[in-house]
Amino acid sequence: MGMAMQPSALLPEICLLVGALVTLLGGSFLPRRRQWVARLVAVVALLASSAATLVAAGDPALLVYTDTFAVDDATTAARLVVAAGTLLVIGLGVDELTGARQESETYTLLLLSALGAVVMAGAADLLVLAVGFLLASIPLYGLIGMSRTARAAEAALKTYLLGALFGITMLLGVTVLFGVGGTTTYTSLTAGLQDAPAAAVAVGVVAVLAGLMFKAGAVPGHFWVPDAAQGAGTTAAAFLTTLPKVGAVIAAYRLVEVVAGAAGTGLLVAGVAVLGMTLGNLAAFAQTDPRRLLGWSTVSQVGYLLVPVAVAGRSDLALPSLLLYLAAYAVTNLAAFAVVAALPERRTLAEYRGLGRHRPWLAGALLVSLLGLVGTPPTAVFVGKLTTASAAWDGGLPWLAVAVLVNTLLSLFYYLRWLAPVVARTDPHATAPAPRPFAEVAALLAAAASLLLGLMSGVLLSPWS
Amino acid sequence: MLSTIVFLPLLASVVLAGLPRLGDRAARWTWVVASLVELALVGVVWARYQTPAPGTLAFEEQVPWIPGVGSSYHVGVDGLSLPLVALTAVVFAACAVYALREQDRPRLQAALFLFLQSMCLGLFVAADLIVFFVFFDLSIVGMYFAIAGWGHGQAARSALKFFLYTFLGSLALLLGFIGLYVSSRPRTFDMVELAANPPLVDDGLVGGLVLAAVLLGLAVKTPTVPFHTWLPPAHTDAPAVGSAVLAGVLLKMGTYGFVRIAMPMLPDAWRDWAWVIIAVGIVSVLYGALVALAQTDLKRMIAYTSVNHMGYVVLAVGAAGLVAGTDEQARAVAVTGAVTQMVSHGLITGALFLLAGVLHDRAATYDMGAYGGLARPAPRFAACFAVAAFASLGLPGFSGFIAEFQVFAGAIAAAPVAAIALPGILITAALFLRAIQRLLTGPTTGASVGFTDLRAAELWSVVPLLGLALLIGVLPRTLLDVVEPASEVVVQLVGR
């Protein structure tokens with residue numbers, strides 16, 4: 001069992017925290033045109049966090065700080081995906097943020113929210129989970145409101161109110177589980193809940209899961225996602241539709257494993273998954289703003305991500321497919337957002353007309369990312385969907401695998417609505433402003449990563465074979 | 001060797017796509033040269049091919065890919081796949097030659113079709129379900145862009161319909177594959193292992209559901225009635241080379257899946273449901289022929305004859321599942337006929353669609369009523385069209401006759417009821433003769449006036465296809481010697 005104190009095991013998290021503090025303090029002394037120093041600090045902190053993760057990646061799993069934080073494959077995956085994803089977010093945001101009023105503050109908030117996501121992913125204790133939830137949420141409210149438009153203000157308020165509601169619900173759940181289980185630590189909670197009244201356990205688990213669903217942007221806590229994706233700055237939108245999910249979904253996985261004995265939890269999550277996929281897809285059909293479309297698409301994608309959570313502990317494929325899907329989803333979704341960030345003046349799907357002719361590489365990146373989100377091989381999301389559906393069937397829920405594939409078909413329609421103008425023939429007179437260079441590079445990198453991850457997925461899944 | 005054949009076109013495609021400064025002429029010739037190299041490589045494989053032992057493949061290659069789920073990059077050929085690999089190389093080479101006159105973004109078109117060629121070849125050599133699926137899905141994506149980008153009429157709409165329909169099929173297929181994977185012990189996606197040790201033999205319900213998913217996927221792709229509605233619009237609005245590839249190669253993916261995946265891996269369920277498959281085959285044959293008879297648009301007519309011709313294949317493989325009270329010999333003949341029909345249909349329909357493209361090129365319409373007496377201004381076109389029509393209606397001396405004769409000989413021996421499908425041949429004969437009469441004979445009127453005859457590139461793309469159909473019709477042994485041993489293996493596997 002775990003050691004009491006072991007700060008070195010938390011080196012990746014410490015890098016993020018120190019990076020956030022230095023960025024904040026340093027940023028307040030830097031003149032407006034020197035804010036790139038703050039960006040550099042943030043990037044170094046993220047690279048250092050990834051490096052520290054990689055160094056420790058081969059070590060055996062352990063629990064630290066009196067069993068409240070797990071350092072295992074899932075945490076390692078979360079650390080890497082969150083750090084790499086945040087780097088991509090900063091990359092795609094350079095053009096938008098350079099010289100902006102609150103550039104260094106944005107980096108600080110990104111790092112803190114990333115830290116919160118990692119803490120949620122590693123939490124092996126309900127109280128640590130609650131801390132991670134708050135740490136991941138509060139910076140987000142600031143990030144969304146940062147762009148100071150009416151839409152952003154509305155989105156920030158909506159997110160804040162929902163966040164407060166679901167946060168309190170979650171704390172209520174923690175309290176109930178502590179009350180009937182006698183502990184908040186996962187290692188002893190399974191035993192503690194064995195003789196607890198089933199109804200109380202159910203209430204507690206559902207309440208905690210509700211908080212996590214808000215953080216993941218999953219049904220029923222999803223109402224803020226499309227508004228925030230549309231209203232916030234592109235950088236913030238890219239971040240919030242992608243990386244907090246990593247923490248929330250892994251946290252949900254751990255929680256479901258803890259209460260695996262409590263009948264119905266898996267089915268409940270499966271129901272939430274199907275609702276999320278279907279609702280997200282149906283709502284995305286009619287969208288004309290690409291960012292709002294991506295907002296709804298992310299609601300449906302969380303549905304797929306919850307499928308392995310529903311069979312947590314019942315299929316060997318569940319955890320590896322979840323981690324692979326998370327990484328795949330992160331790079332693919334960020335690739336789509338990077339394309340949006342590269343073309344800030346195009347705010348409707350129709351305005352993407354002729355992109356294939358004027359900007360073939362950017363159009364290629366969009367093609368890879370949107371077909372990737374559909375689940376077309378050989379992108380990584382395809383492998384994620386394949387293993388996820390296999391895990392569902394293997395875990396005794398074949399109908400869930402059917403639901404995944406039916407929803408994939410539904411989703412094809414709206415992703416194609418975006419792609420059709422991109423490849424359509426254009427009038428030769430149309431001219432387009434040059435895309436933003438950093439965002440374009442970020443889009444190409446992310447799209448290439450999505451393809452590579454798919455082709456190399458065997459290497460990632462091999463530890464489980 | 002097989003990997004070279006599969007990925008060489010992809011490499012050429014990437015090079016073409018990545019060189020925006022390349023001239024149109026150079027791009028067209030790059031495509032022709034690449035496809036001819038492919039043809040030569042496939043020729044080498046055919047010459048060196050020796051029938052592998054039952055349950056194994058020739059020219060096998062295997063590299064671990066996703067070992068976590070028992071999937072590997074595994075390729076190989078046998079008597080079922082080699083003829084289709086060769087067909088793919090031939091049809092794509094014909095398209096490359098035909099497209100030598102293309103004016104609309106020839107570099108990107110060449111890149112797209114080379115990409116498609118890689119996907120088709122990859123599918124036919126795949127010996128792993130996931131590898132098969134990857135190529136299956138990407139071929140849909142490639143064909144979507146071929147129709148949407150180079151089609152005419154309501155191209156975007158037809159392309160979307162094609163994509164949604166066939167993507168539905170591919171997802172059903174994937175569901176079936178996952179079912180096979182989850183039920184196999186040890187867990188694997190490897191086609192050779194799944195055929196050697198089929199899962200779900202004792203589970204009629206799950207086996208039936210998995211077969212239903214696989215059949216749905218393949219039936220959409222084939223297409224059989226009632227899943228054929230995407231085909232006529234896709235063909236009508238696709239460019240000539242797109243239609244030739246779609247009908248010549250892509251439709252075979254469905255029927256190939258029957259003999260490669262459904263029959264050997266789900267033998268129990270296949271036998272249980274053989275009557276349903278036979279019924280679907282008979283309906284497809286008759287319905288396809290009757291609806292084709294009613295068309296005035298030449299391309300739609302050819303599209304519906306595809307439903308009819310693919311119906312023969314479905315009928316044959318269905319009959320091969322009737323084990324009780326039939327002899328293995330007859331069922332093997334039916335399967336051989338099915339594979340021969342796939343090759344034959346690819347060659348002949350490919351040629352027909354290219355010829356239809358010539359009509360659209362000259363007069364921008366496929367309406368048979370707009371033409372008349374083409375034989376006088378365009379004798380070479382008339383000769384080629386007449387030969388292709390006679391080959392398609394199953395005249396002895398052409399590959400179609402060999403195929404249909406075997407299909408009926410085998411199927412009627414196994415299920416006498418298959419004889420109801422025989423009028424299909426008669427109706428096809430009638431509709432092709434009527435098409436010849438309306439287009440070619442009589443006084444030269446309408447769009448036929450001033451019609452330019454086939455140019456060299458068009459002639460050189462169509463004639464080799466028809467020549468091969470004739471060669472198979474006269475000297476079928478070269479093909480049958482390759483196919484027959486594999487058919488016997490399939491029939492034995494279904495009979496387990």
Side-chain angles (χ1 to χ4, degrees), chain A residues 315-317 320-321 324 356-357 360-361 364 367 371 374-379 382-383 385-396 398-399 401-413 415-417 419-425 454-465, chain B residues 17-18 20 63-73 104-105 108 112 119 129-141 144-145 148-150 155-157 159-160 163-183 187 189 206 209-210 213 217:
Chain A
S315 165
D316 296 338
L317 269 175
S321 71
L324 179 73
R357 193 171 193 89
W361 285 100
L367 183 76
L371 286 181
V374 174
T376 307
T379 62
F382 161 68
V383 185
K385 265 191 183 158
L386 168 71
T387 51
T388 291
S390 301
W393 193 318
D394 189 29
W399 58 270
V402 176
V404 166
L405 297 178
V406 169
N407 270 288
T408 300
L409 184 71
L410 289 181
S411 74
L412 179 67
F413 185 71
Y415 292 120
L416 278 185
R417 276 189 63 219
L419 277 181
V422 170
V423 296
R425 273 173 267 202
L455 293 172
M456 310 295 283
S457 49
V459 183
L460 296 175
L461 289 172
S462 57
W464 286 278
S465 64
Chain B
V63 186
W65 181 33
I66 319 180
V69 292
S71 173
S72 61
Y73 170 75
D104 185 11
R105 294 163 291 162
L108 287 178
L112 182 62
M119 298 310 120
L129 290 176
I130 296 307
V131 177
F132 182 95
F133 180 80
V134 167
F135 287 124
F136 192 92
D137 230 21
L138 286 177
S139 73
I140 298 174
V141 174
Y144 168 77
F145 287 117
W150 281 266
R157 200 184 148 82
L160 183 66
F163 202 149
L164 287 176
Y165 242 107
T166 50
F167 204 75
L168 163 74
S170 86
L171 290 174
L173 202 56
L174 185 62
L175 190 67
F177 290 176
I178 292 174
L180 282 169
Y181 165 76
V182 172
S183 326
R187 299 257 166 100
F189 280 111
V206 180
L209 289 174
V210 169

inquiry  = Quick one, A:Leu416 with B:Phe167, criterion side chain to side chain contact (heavy atoms under 4.5 Å, CB included). Give me CA distance, side-chain angles, the key distance, then yes/no.
reply    = CA-CA 12 Å; A:Leu416 278 185; B:Phe167 204 75; over 6 Å; no
request  = Could you look at B:Tyr144 and say if it's the side chain, the backbone, both or neither that has a heavy atom under 4.5 Å from chain A?
outcome  = side chain
request  = For side chain to side chain contact (heavy atoms under 4.5 Å, CB included), just list the numbers for B:Leu160 and A:Phe413, CA-CA rounded to whole Å, side-chain angles, deciding distance to a tenth of an Å, and then say yes or no.
outcome  = CA-CA 9 Å; B:Leu160 183 66; A:Phe413 185 71; 3.9 Å; yes
task = Evaluate whether atom CH2 of A:Trp399 has more than 12 neighbouring non-hydrogen atoms of other residues, nucleotides or ligands under 6.0 angstrom away.
result = yes
ask   = How far does CZ of B:Phe163 sit from CG of A:Leu412, to the nearest 0.5 angstrom?
value = 5.0 Å
task = Locate the shortest heavy-atom distance separating B:Leu138 from A:Pro377; write the atom from each residue and the value.
result = CD2-O, 3.0 Å
note = Residues A:Leu405 and B:Leu174: closest non-hydrogen pair is CD2-CD2, 3.9 Å
key: With B:Ser183 via side chain to side chain contact (heavy atoms under 4.5 Å, CB included) - residues at least two apart   = B:Pro199, B:Leu200
query = Any idea which heavy atoms bring A:Gly458 and B:Pro67 closest together, and the distance?
reply = CA-CD, 3.8 Å
ask   = Between B:Trp65 and A:Leu455, is there a donor-acceptor pair closer than 3.5 Å when you use the side chain of the first and the backbone of the second?
value = yes
task = Please look at B:Ala156 and chain A and tell me whether the side chain, the backbone, both or neither of the residue comes under 4.5 angstrom of a heavy atom of that chain.
result = neither
ask   = Which atom pair, heavy atoms only, marks the closest approach of B:Leu175 to A:Trp393?
value = O-CZ3, 3.5 Å
Heavy-atom pair of closest approach, residues A:Ala389 and B:Ile178 = CB-CD1, 3.5 Å
inquiry  = Please classify the contact of B:Phe189 with chain A as side chain, backbone, both or neither, using a heavy-atom distance under 4.5 Å.
reply    = side chain
remark   = Under 4.5 Å to a heavy atom of chain B? For A:Val404 that would be neither
ask   = Tell me, side chain or backbone of B:Tyr181 under 4.5 Å from chain A's heavy atoms, or both, or neither?
value = side chain
remark   = Applying salt bridge (Lys or Arg N to Asp or Glu O under 4.0 Å) to A:Arg417 and not counting sequence neighbours gives none
ask   = Using non-hydrogen atoms only, which part of A:Val406 is less than 4.5 Å away from chain B: side chain, backbone, both, or neither?
value = neither
inquiry  = Please find the pair of heavy atoms, one from B:Leu164 and one from A:Leu409, that lie closest to each other, and give the distance.
reply    = O-CD1, 3.6 Å
inquiry  = Working note: B:Phe177 + A:Leu386, criterion side chain to side chain contact (heavy atoms under 4.5 Å, CB included); need CA distance, chi angles, decisive distance, verdict.
reply    = CA-CA 10 Å; B:Phe177 290 176; A:Leu386 168 71; over 6 Å; no
query = So which part of A:Leu324 gets closer than 4.5 Å to some heavy atom of chain B, the side chain, the backbone, both or neither?
reply = neither
